[in-house]
Amino acid sequence: MNSAPSAPPATPVTAPERIASIDVLRGFAVLGILIVNMQGFARVPSAYMNPASGAAFDGAEAWIWTAVYILADTKFISIFSMLFGAGIAMMSERMASRGVAGTGLHYRRQSWLLVIGLVHAYLIWHGDILVAYALCGLLLYPLRKLGARALLWIGGCAVAFVVPFWLLAGLSIPYWPEADRLELLAEWAPPQEVLESEIAAFRGGLGEQLSVRAPIAFTLQISAFLGLFVWRAGGLMLVGMGLYKLGVLAAARSATFYRRMAVIGIGAGLPLAVAGAWYKLDQGFAFETVMFQGALFNYVGSVGVFLGYLGLVMLMVQFSRLPELTARLAATGRMALTNYIAQSVICTLVFYGHGLGLFERVAAPGRMGIVFGIWALQLLWSPWWLKRFRFGPLEWLWRSATYMKRQPMRV
């Protein structure tokens with residue numbers, strides 16, 4: 001009696017299986033994320049949400065913050081979240097086509113991502129997003145087989161859930177107990193002695209940094225995850241699965257489709273982002289009006305803007321515009337995990353005490369100069385690396401751990 005044939009072994013995606021447009025979009029997103037994260041690397045933690053905290057906020061500082069807020073804040077991380085969901089759908093589809101049971105592989109993959117995220121959050125930089133992605137990936141995997149429209153509806157409703165939640169939270173602030181309002185204010189605009197202690201810690205050694213970093217990372221992984229990330233990032237992952245199934249992310253739709261996506265998305269979203277920036281500036285970043293309901297303009301507008309960006313990138317791929325840049329973006333996207341963590345390593349070496357110690361010593365123009373320098377570095381080194389190796393260093397480590405087998409590295 002012949003035994004049943006064994007299932008083929010699970011293996012990482014091969015070069016011919018890659019979707020070039022998704023790599024380009026992922027590279028575009030990981031570079032764009034740095035523009036926003038730079039505020040978190042270089043300045044006190046409260047300045048990430050309240051740029052008027054702890055320093056003069058005028059001139060170039062205000063102009064650059066406004067431009068970043070309108071064009072980048074929440075937009076690139078939304079693309080990154082969407083692509084993470086698309087990656088789950090792609091991997092599941094590919095495993096099924098090979099006759100491989102991918103469930104155990106997926107949960108192992110997410111578990112290792114959780115480990116990488118925790119190391120990143122507590123030992124490198126507290127503003128990590130990988131922990132949230134790993135947890136969302138663990139929770140949402142059973143939904144991957146839903147139809148594209150169902151995924152878009154469920155994901156969209158999850159993203160939209162935050163709007164009434166934040167609106168009610170903001171409107172209720174005047175009715176909070178005085179102690180709770182003072183505690184929130186102390187987080188939004190800490191007193192000078194707290195700011196000075198944070199600056200001293202980040203200019204100090206790793207142990208001093210950890211004393212400030214660990215509580216922030218823990219808060220992001222618990223309260224921020226439950227109040228925002230599971231809805232926004234999780235919802236966008238489902239949207240990414242749906243768009244992948246509709247061929248939107250593979251540049252497979254018509255040019256007219258992508259033009260409409262770009263025009264309608266940016267046309268509808270950008271005015272809301274502008275209104276959000278104006279409102280925050282007009283309110284002087286007062287936490288009672290800005291922290292929750294004031295953030296909703298950009299929260300909603302960013303959905304349109306990031307979809308508009310998606311349309312523009314797909315058009316660039318379809319019409320082979322800027323082929324050199326497109327190729328470099330694709331390489332950067334293939335190494336997105338390595339490049340994301342590398343941004344944190346480089347920036348903490350520039351700003352923290354175990355490196356140059358420039359924390360709270362570099363103004364906005366200088367910070368943008370550092371962003372452009374890192375962009376140039378990653379656009380140069382990513383294709384150089386991938387000519388010699390199959391994966392980025394961290395991608396190789398992640399895949400080897402996921403498949404429980406050392407992956408071939410050399411091309």
Side-chain angles (χ1 to χ4, degrees), residues 25 28-29 31-40 42-43 46-53 55-82 156 159-167 169-171 188-189 228 231-233 235-236 239 258-316 363-365 367-368 371-372 375:
L25 191 59
F28 176 71
L31 293 180
I33 287 169
L34 179 61
I35 310 174
V36 182
N37 284 350
M38 182 57 66
Q39 185 88 340
R43 298 211 51 214
S46 55
Y48 189 84
M49 297 296 295
N50 174 17
S53 175
F57 185 69
D58 53 17
E61 201 74 35
W63 281 107
I64 290 175
W65 174 85
T66 302
V68 169
Y69 187 77
I70 292 171
L71 298 174
D73 191 283
T74 317
K75 287 79 175 176
F76 292 101
I77 194 68
S78 295
I79 298 174
F80 213 46
S81 302
M82 178 194 64
V159 173
F161 171 80
V162 174
V163 175
F165 179 73
W166 278 12
L167 184 61
L171 294 175
W188 182 258
L228 173 62
W231 306 105
R232 176 82 183 199
L236 288 174
V239 169
Y258 292 117
R259 287 193 189 98
R260 287 175 179 168
M261 176 180 278
V263 171
I264 295 173
I266 295 174
L270 205 60
L272 282 171
V274 171
W278 174 85
Y279 183 79
K280 288 190 171 190
L281 291 165
D282 182 67
Q283 294 291 309
F285 294 94
F287 86 98
E288 297 91 345
T289 53
V290 168
M291 188 173 191
F292 291 110
Q293 64 266 43
L296 289 176
F297 294 98
N298 187 55
Y299 181 90
V300 176
S302 65
V303 175
V305 176
F306 96 75
L307 288 172
Y309 288 171
L310 190 163
L312 291 175
V313 172
M314 294 301 104
L315 287 170
M316 182 172 72
R367 297 197 298 269
M368 285 301 100
V371 168
F372 298 146
W375 283 359

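In this text, all values refer to a predicted model and were calculated from it rather than measured experimentally.
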| task | Apply side-chain contact (heavy atoms from CB on, under 4.5 Å) to Y48 and N37, showing your working. | result | CA-CA 8 Å; Y48 189 84; N37 284 350; 3.6 Å; yes

Does some side-chain heavy atom of [Y] sit less than 4.5 Å from a side-chain heavy atom of [X]?
X	Y	value
M49	Q39	no
L34	W375	yes
I77	V36	no
L310	I79	no
L71	L270	yes
L312	I266	yes
I35	M368	yes
M82	F306	yes

Can you tell me how far the [atom1] atom of [X] sits from the [atom2] atom of [Y], to the nearest 0.5 Å?
X	Y	atom1	atom2	answer
L296	W166	CG	CH2	6.5 Å
K280	M291	NZ	CE	10.0 Å
W278	Q283	CH2	CD	7.5 Å
T289	D282	OG1	CG	9.0 Å
W188	F287	CH2	CZ	9.5 Å

Determine the minimum heavy-atom distance between [X] and [Y], stating which atoms define it.
X	Y	value
S81	L236	CB-CB, 4.0 Å
A160	P164	O-CD, 3.2 Å
Q293	L167	CB-CD1, 4.0 Å
F297	A275	CD2-CB, 4.1 Å
L307	M261	O-CG, 3.1 Å
F285	A52	CD1-CB, 4.1 Å

| Does atom CZ of F165 have more than 12 heavy-atom neighbours, drawn from other residues, nucleotides or ligands, at distances under 6.0 Å? | no

Could you check whether any side-chain N or O of [X] sits under 3.5 Å from a backbone N or O of [Y], counting only pairs where one atom can act as donor and the other as acceptor?
X	Y	result
R367	M38	no
E61	A364	yes
R43	S53	yes

| said: Could you check whether F28 and F76 have their ring centres less than 6.0 Å apart? | reply: yes

| task | For the residue pair F57 and W65, categorise the inter-ring angle as parallel (less than 30°), tilted (30 to 60°) or perpendicular (more than 60°). | result | perpendicular

| Which side chain to side chain donor-acceptor pair (under 3.5 Å) pairs, counting each pair once, include a residue from residues 295-314, with sequence neighbours left out? | D73-N298, T74-N298, K75-N298, R232-S302

